[in-house]
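Order of the sequence lines fixes the chain letters, A, B, ..., with proteins taken first and strands second; residue numbering starts at 1 for each chain.
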Protein chains: 2
Amino acid sequence: MTRNLPTQEARIAEDITSLAEITDPDRPFTRRAFTPIFLKGREWLRRRFEAAGLETRIDASGNLIGTRPGKSPGRGTIMLGSHSDTVPDGGRFDGIAGVSAALEVARALRDQKVELEHDLEIVDFLAEEVSIFGVSCVGSRGMAGVRPTEWLEREAEGLALRDGIREVGGHPGVTEIRNDIKAFLELHIEQGPVLEDGGLDVGVVTAIAGITRIEVVVDGRADHAGTTPMGSRQDALTAAARLVLGIEMLGTELAGGDFHFAATVGEFSIEPGAANVVPSRARLLIDARAERREDMETFVAELAALVEGVSAETGVAIEPPLTISDNLPTPCDPFVLDTLDAAAVAVGARHRRMASGAGHDTAWMARVTKAAMIFIPCLGGRSHTPEEYAETADVALGAAVLLEAVKRLDREL
Amino acid sequence: MTRNLPTQEARIAEDITSLAEITDPDRPFTRRAFTPIFLKGREWLRRRFEAAGLETRIDASGNLIGTRPGKSPGRGTIMLGSHSDTVPDGGRFDGIAGVSAALEVARALRDQKVELEHDLEIVDFLAEEVSIFGVSCVGSRGMAGVRPTEWLEREAEGLALRDGIREVGGHPGVTEIRNDIKAFLELHIEQGPVLEDGGLDVGVVTAIAGITRIEVVVDGRADHAGTTPMGSRQDALTAAARLVLGIEMLGTELAGGDFHFAATVGEFSIEPGAANVVPSRARLLIDARAERREDMETFVAELAALVEGVSAETGVAIEPPLTISDNLPTPCDPFVLDTLDAAAVAVGARHRRMASGAGHDTAWMARVTKAAMIFIPCLGGRSHTPEEYAETADVALGAAVLLEAVKRLDREL
């Protein structure tokens, strides 16, 4: 349907198309943080921010910030943003849609000649995706003051992260303390099928799920596949297959309630991997995501029981599950969530509340301010691929929700 | 127990120990066909054959043959043998025990001053194991006249198989027709746990199982592991895990009767294999072994039904099973089997009948003569590894069974 929105789809389309053209030409769409093509994209964005009347700067953490000063100095900052870097062979919308929507809020405010009480900052966070240095959310962690100091010494392609931040224009030695930010909002493509399947315009994100990665190693015995009777084997693969199905069942049960949960075995390998040898070893890496910590704790406990049960049933030794990494869920701010709901109603966006299964800069900004985010639909839930697609009309509608929310927050904070 | 056998354990131990020392020193026990170290082993064996009073030659197919002429020229040949080549990082007994036992039969006959009616030939078959040319049983296939002509052009390490056979002393252009062989016998380590578990000395091998290799490819969909709800996935791994367990169940059912059957998924891989991506593809390679062809036909039919059922249950596309290779089972000769049973009783060897799940030169010799084989126990059923182990006393006892069987066959054929 055609809506009479204060945000302009055409400007958003120009943002997204222009950035899509700033890519490794042999590998669209690739604009990885710290690369020359990323800096070219940043320069295009900086000019685009300035064309919208924003004052631009690079902060100590390497984030590009465009500021629209408010009427009342000292009232603090309302911040909007996302990221312009991509994964290799990534898409045109992941991150970019959020930067464009944030910028469009600033442009619409100028169109409407609205002056906010608060300063408005539009941010392109540095290196949200896993960069060449093997870590993610470098800029938002920096702005939240929680970027690990030892990360600065990480090296890749003959460069330390410290040098990379400096080349981007940041000051790696400085720890920022931003106590002026009153609220943070981000728009992002959903990267899942929920909104598209539900025919909805906007997801109001209640929480960024916690991510726990767990390794399980099955220690079977290599036997001759032809000569070892079926009942005399310690087959690591058939034991591991029981684990895979048990994990799927646990994940499905925990996902059956009102809160987001997902469990995936994304890495799976066996040894020796020869046609005529019973597999001796299997390794599983489980990725579990939970909106509520208690669900993750249940999963971890039931996984341990599953492993013991499969080992007892099959007679195959299985090492106790090993937690490789464990990040807590981040709830979004209830007041900002209510404001986003009200803004969606005001704009006429069909919306629902939902959790984010993926990580985002919002999770880090939530450490220092009231933060929340909205999702817009993307085609088939696909992301991190050149086929990633979102309608610019949906970005414009999401930006209108952000604009309405910013106006309300400006009055109410 | 100590037996008063006509075969001598000490000579067998010397055979096995001496050949074990002729190995790639950095990689025991490795004596791959067509390599310089293999030729060195062959030369040691040739002298050992001659020391036992045998006339030696290399036949057209590259097999080393030692002959003990019989009393009655034209009565034909009784042949005994196995192979002296190994896999990389192989064992000291697989093949070698059989060559040594065959040679010990000739030595024992000389000790006993027994002259047979038939000629006796002791054979070291060329390249029973998968050699550098990627094929197996080169010598026994050649002697049976069924070595594929196109194999001669196979190349590896700058050499064609044709040249390899020539370097060994064979004549690759000649197709042999051996219609003089009246019976063939082979001793081999079991390569499985059945004899050891049963406290038995000898297995009388009823058949060499047929081997069928079948590939199954699961076509799921790569989705974001964090954002794709559990119920909205087409997870190739969880579908493949159902296949693995279904194959194990089918194999166990078919193995439950009186005839050998085994089914193993030895190769298993997924794509893309990233922690945060739902697996899009899985590939299984199934190795199925059946003593009876009808069991294999049942397995293939039930596998097709399993694949359809899992695809329907999960909504994940699975390609129809693809047969990669398919070899029929080879029954051993009933008369020779009865003779071996009687010989085992005469020698006092605790024995049982059983099928061979592994392939052997006997399967090829069965095409041109009455053939059968016996197994002796090996430690933990292990083979194709440096830990492979058999007692030389067990080899000597098996050789005594062969000796007794040879005498009976010499009278009865």
Novice: Can you tell me which portion of A:L285 sits under 4.5 Å from chain B's heavy atoms? Options are side chain, backbone, both or neither.
Specialist: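 Answer is side chain: those atoms of A:L285 sit under 4.5 Å from chain B.
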Novice: If you count heavy-atom pairs under 4.5 Å with chain A, which of B:R221, B:R242, B:R213 comes out on top?
Specialist: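 Looking at each of B:R221, B:R242, B:R213 in turn, B:R242 comes out on top.
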Novice: Any non-hydrogen side-chain atom of B:T264 less than 4.5 Å from a side-chain atom of A:P279?
Specialist: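 With C-beta onward as the side chain, the pair touches.
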Novice: Looking only at heavy atoms and a cut-off of under 4.5 Å, which of A:A274, A:G251, A:A209 has the most pairs with chain B?
Specialist: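 Of the options given, most contacts go to A:A274.
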Novice: Answer yes or no: is there a side-chain heavy-atom contact under 4.5 Å between A:S131 and A:D85?
Specialist: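 No, side chains not in contact.
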Novice: Chain B heavy atoms under 4.5 Å from A:R233: which part of the residue, side chain, backbone, both or neither?
Specialist: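 Only the side chain of A:R233 comes within 4.5 Å of chain B.
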Novice: Let's test your reading of the structure: which of B:L245, B:V277, B:D287, B:L254 forms the most heavy-atom pairs below 4.5 Å with chain A?
Specialist: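 That would be B:L245.
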Novice: Write down the atom of A:P329, the atom of A:A290, and the distance for their closest heavy-atom approach.
Specialist: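 Smallest heavy-atom distance, with atoms named: CB-O, 3.5 Å.
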Novice: Checking side chain to side chain contact (heavy atoms under 4.5 Å, CB included) between A:V216 and each of A:L306, A:L322, A:I286, which is the one that passes?
Specialist: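 Only one of A:L306, A:L322, A:I286 forms a side chain to side chain contact (heavy atoms under 4.5 Å, CB included) with A:V216, namely A:I286.
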Novice: Between B:E129 and B:R32, is there a side-chain heavy-atom distance shorter than 4.5 Å?
Specialist: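 They are not in side-chain contact.
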Novice: Which bit of A:T238 comes within less than 4.5 Å of chain B, counting heavy atoms only: side chain, backbone, both or neither?
Specialist: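 For A:T238, the contact with chain B is made by backbone and side chain together.
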Novice: For chain B, find which of A:R382, A:H384, A:R289 contributes the most heavy-atom pairs closer than 4.5 angstrom.
Specialist: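 Of the candidates given, the most pairs with chain B belong to A:R289.
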Novice: Relative to chain B, which of A:D235, A:N276, A:T228 shows the most heavy atom pairs under 4.5 Å?
Specialist: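 Among A:D235, A:N276, A:T228, the one with the most close pairs to chain B is A:N276.
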Novice: Which of the residues B:T252, B:T385, B:I247 is involved in the greatest number of heavy-atom pairs with chain A at under 4.5 angstrom?
Specialist: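 The residue among B:T252, B:T385, B:I247 with the greatest pair count is B:T252.
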Novice: If you count heavy-atom pairs within less than 4.5 Å of chain A, which of B:A355, B:A263, B:A282 leads?
Specialist: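 It is B:A263.
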Novice: Using non-hydrogen atoms and a 4.5 Å limit, figure out which bit of A:A255 sits close to chain B: side chain, backbone, both or neither.
Specialist: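 Side chain only.
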Novice: Within the 4.5 Å heavy-atom criterion, are B:F375 and B:H188 side-chain neighbours or not?
Specialist: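 In short, these two side chains touch, coming nearer than 4.5 Å.
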Novice: Does the side chain of B:T362 come within less than 4.5 Å of B:V205's, by heavy atoms?
Specialist: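 No; the side chains remain at least 4.5 Å from each other.
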Novice: Looking at every non-hydrogen atom in both residues, tell me the closest pair between B:P229 and A:V194 and how far apart they are.
Specialist: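 Closest approach of B:P229 to A:V194: CG-CG2, 3.8 Å.
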Novice: Let's test your reading of the structure: which of A:G192, A:A241, A:P193 forms the most heavy-atom pairs below 4.5 Å with chain B?
Specialist: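 When all of A:G192, A:A241, A:P193 are compared, A:A241 has the most.
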Novice: Between B:E190 (side chain) and B:L195 (backbone), is there a donor-acceptor pair under 3.5 Å?
Specialist: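 Side chain of B:E190 to backbone of B:L195: a pair is present.
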Novice: Sort A:H260 into side chain, backbone, both or neither according to what part of it lies under 4.5 angstrom from a heavy atom of chain B.
Specialist: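 Contact with chain B is through the side chain of A:H260 alone.
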